[in-house]
Amino acid sequence: LVQLVESGGGSVRAGGSLRLSCEASGHFYSGVCLAWFRQVPGKEREGVASINRDGRTRYGDFVNNRFTISTINDMHTVILDMNNLNPNDSGVYYCAADTPCWANRLERSTDYHEWGQGTQVTVSS
């Protein structure tokens, strides 16, 4: 069982930056995928960024080189650095994990079976 706890959300003005962190406890198999998803009321959860143990990363089309996902502590901490934020980036950001996993997809949130509680990000204009 993997447990995930996010931190680092908050409120910023447009153009600002935030760093989200997610601490994972529990056992990972040799293959593990970590991801960030976000959700706003009335919309489905959408993939923001993902990374696997090989270091391969994927990003949502809307990211446009503004965000960077990284891991430390043998993938038990996953970080999302977000720059040049705009109001459309507001939402609840969730950390997600799947293990064993090698294909760190972002198309479906159902590919991930472990989720954190979420952290709110609010970007004002």
Side-chain angles (χ1 to χ4, degrees):
L1 179 65
V2 174
Q3 293 183 316
L4 304 170
V5 178
E6 302 99 335
S7 61
S11 297
V12 295
R13 300 289 294 272
S17 300
L18 279 175
R19 166 173 281 197
L20 305 183
S21 293
C22 174
E23 297 294 329
S25 60
H27 173 71
F28 288 157
Y29 293 96
S30 59
V32 56
C33 302
L34 299 169
W36 289 93
F37 283 76
R38 68 186 188 185
Q39 190 169 25
V40 296
K43 290 192 174 183
E44 291 189 359
R45 205 165 285 192
E46 67 176 343
V48 178
S50 66
I51 188 168
N52 70 2
R53 195 181 281 282
D54 292 334
R56 181 178 62 200
T57 57
R58 299 181 192 270
Y59 294 93
D61 291 341
F62 57 86
V63 169
N64 292 324
N65 296 316
R66 299 178 297 134
F67 300 172
T68 302
I69 188 171
S70 59
T71 66
I72 57 174
N73 299 327
D74 193 25
M75 296 198 74
H76 280 79
T77 303
V78 57
I79 295 166
L80 183 68
D81 286 305
M82 303 187 293
N83 298 307
N84 195 19
L85 287 160
N86 62 64
N88 290 330
D89 294 316
S90 298
V92 178
Y93 281 68
Y94 296 91
C95 178
D98 194 39
T99 185
C101 173
W102 288 269
N104 50 314
R105 297 186 178 94
L106 277 178
E107 293 84 358
R108 298 180 307 183
S109 61
T110 52
D111 287 338
Y112 294 82
H113 297 93
E114 311 294 344
W115 291 87
Q117 80 287 353
T119 185
Q120 178 70 44
V121 171
T122 303
V123 185
S124 59
S125 57

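Note that the coordinates shown come from a computational prediction; the quantities given were computed from them, not determined experimentally. What you see below is based on every heavy atom in this structure, not just the backbone, and it leaves out hydrogens, waters and symmetry mates.
The side-chain hydrogen bond (donor to acceptor under 3.5 Å, both in side chains) test applied to Asp74 returns Arg53, not counting sequence neighbours. Contacts of Thr57 classified as side chain to side chain contact (heavy atoms under 4.5 Å, CB included), with partners at least two apart in sequence or in another chain: Ile51, Tyr59, Ile69. Partners of Asn84 by side-chain hydrogen bond (donor to acceptor under 3.5 Å, both in side chains), not counting sequence neighbours: none found. Every ring-ring contact (aromatic ring centres under 6.0 Å, His included) that Phe28 has, sequence neighbours left out, goes to His76. With sequence neighbours excluded, the residues satisfying side chain to side chain contact (heavy atoms under 4.5 Å, CB included) with Arg13 are Ser124. Under the rule for a ring-ring contact (aromatic ring centres under 6.0 Å, His included), the partners of Phe37 that lie at least two apart in sequence or sit in another chain are Tyr112, Trp115. Scored by the side chain to side chain contact (heavy atoms under 4.5 Å, CB included) test, Gln120 finds Val92, Thr122 as partners (sequence neighbours excluded). Residues satisfying the side chain to side chain contact (heavy atoms under 4.5 Å, CB included) test with Asn52, not counting sequence neighbours, are Cys33, Asp54, Arg56, Asn104. With sequence neighbours excluded, no residue forms a side-chain hydrogen bond (donor to acceptor under 3.5 Å, both in side chains) with Glu114. In this structure, the ring-ring contact (aromatic ring centres under 6.0 Å, His included) partners of Tyr29, at least two apart in sequence or on a different chain, are His27.
Contact detail for Ala97 and Val2: the closest heavy-atom pair is CB-CG1, 4.5 Å. Looking at every heavy atom in both residues, Ala35 comes nearest to Leu106 through CB-CD2, 4.4 Å.
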Using the rule given for side chain to side chain contact (heavy atoms under 4.5 Å, CB included), can you reason through Glu23 versus Val78, listing the C-alpha separation, both sets of side-chain angles and the distance that settles it, and then say yes or no? CA-CA 7 Å; Glu23 297 294 329; Val78 57; over 6 Å; no
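Other residues, nucleotides and ligands place no more than 12 heavy atoms under 6.0 Å from the CG atom of Asp61. Within a 6.0 Å radius of CZ in Arg66, other residues, nucleotides and ligands contribute more than 12 heavy atoms.
Linking Ile, Leu, Val, Met, Phe, Trp and Tyr residues whenever their side-chain heavy atoms come within less than 4.5 Å places Val123 and Phe62 in a single cluster.
Contact check for Gln39 versus Glu44: no side-chain heavy atoms found under the 4.5 Å cut-off. Within the 4.5 Å cutoff, no side-chain heavy atoms of Ile79 are placed close to those of Thr71. Inter-residue side-chain proximity for Tyr94 and Cys22 is flagged as unmet; no heavy-atom pair is nearer than 4.5 Å. Within the 4.5 Å cutoff, the side chain of Leu80 has heavy atoms near those of the Tyr93 side chain. No side-chain heavy atom of Cys101 sits less than 4.5 Å from a side-chain heavy atom of Val32.
Between the CD atom in Glu107 and the CD atom in Glu46 there is a gap of 12.5 Å [rounded to 0.5 Å]. Going from atom CH2 of Trp36 over to atom OG of Ser50 covers 13.0 Å, rounded to the nearest 0.5 Å. Once rounded to the nearest 0.5 Å, the distance linking OG of Ser25 with CG of Leu4 reads 7.5 Å. Atom CZ of residue Arg19 and atom CG of residue Asp81 lie 4.0 Å apart, to the nearest 0.5 angstrom. From Leu18, atom CG reaches atom CE of Met82 across 5.0 Å, with rounding to the nearest 0.5 Å. With rounding to the nearest 0.5 Å, the separation of CG in Leu20 from CD in Glu6 is 8.5 Å.
Summarising the hydrophobic clusters (Ile, Leu, Val, Met, Phe, Trp, Tyr; side-chain heavy atoms under 4.5 Å, direct or chained), the residues clustered with Val40 are none. If you chain together ILVMFWY residues whose side-chain heavy atoms come under 4.5 Å of each other, Trp102 ends up in a group of its own.
Side chains of Ser17 and Asn83: a donor on one and an acceptor on the other come within 3.5 Å.
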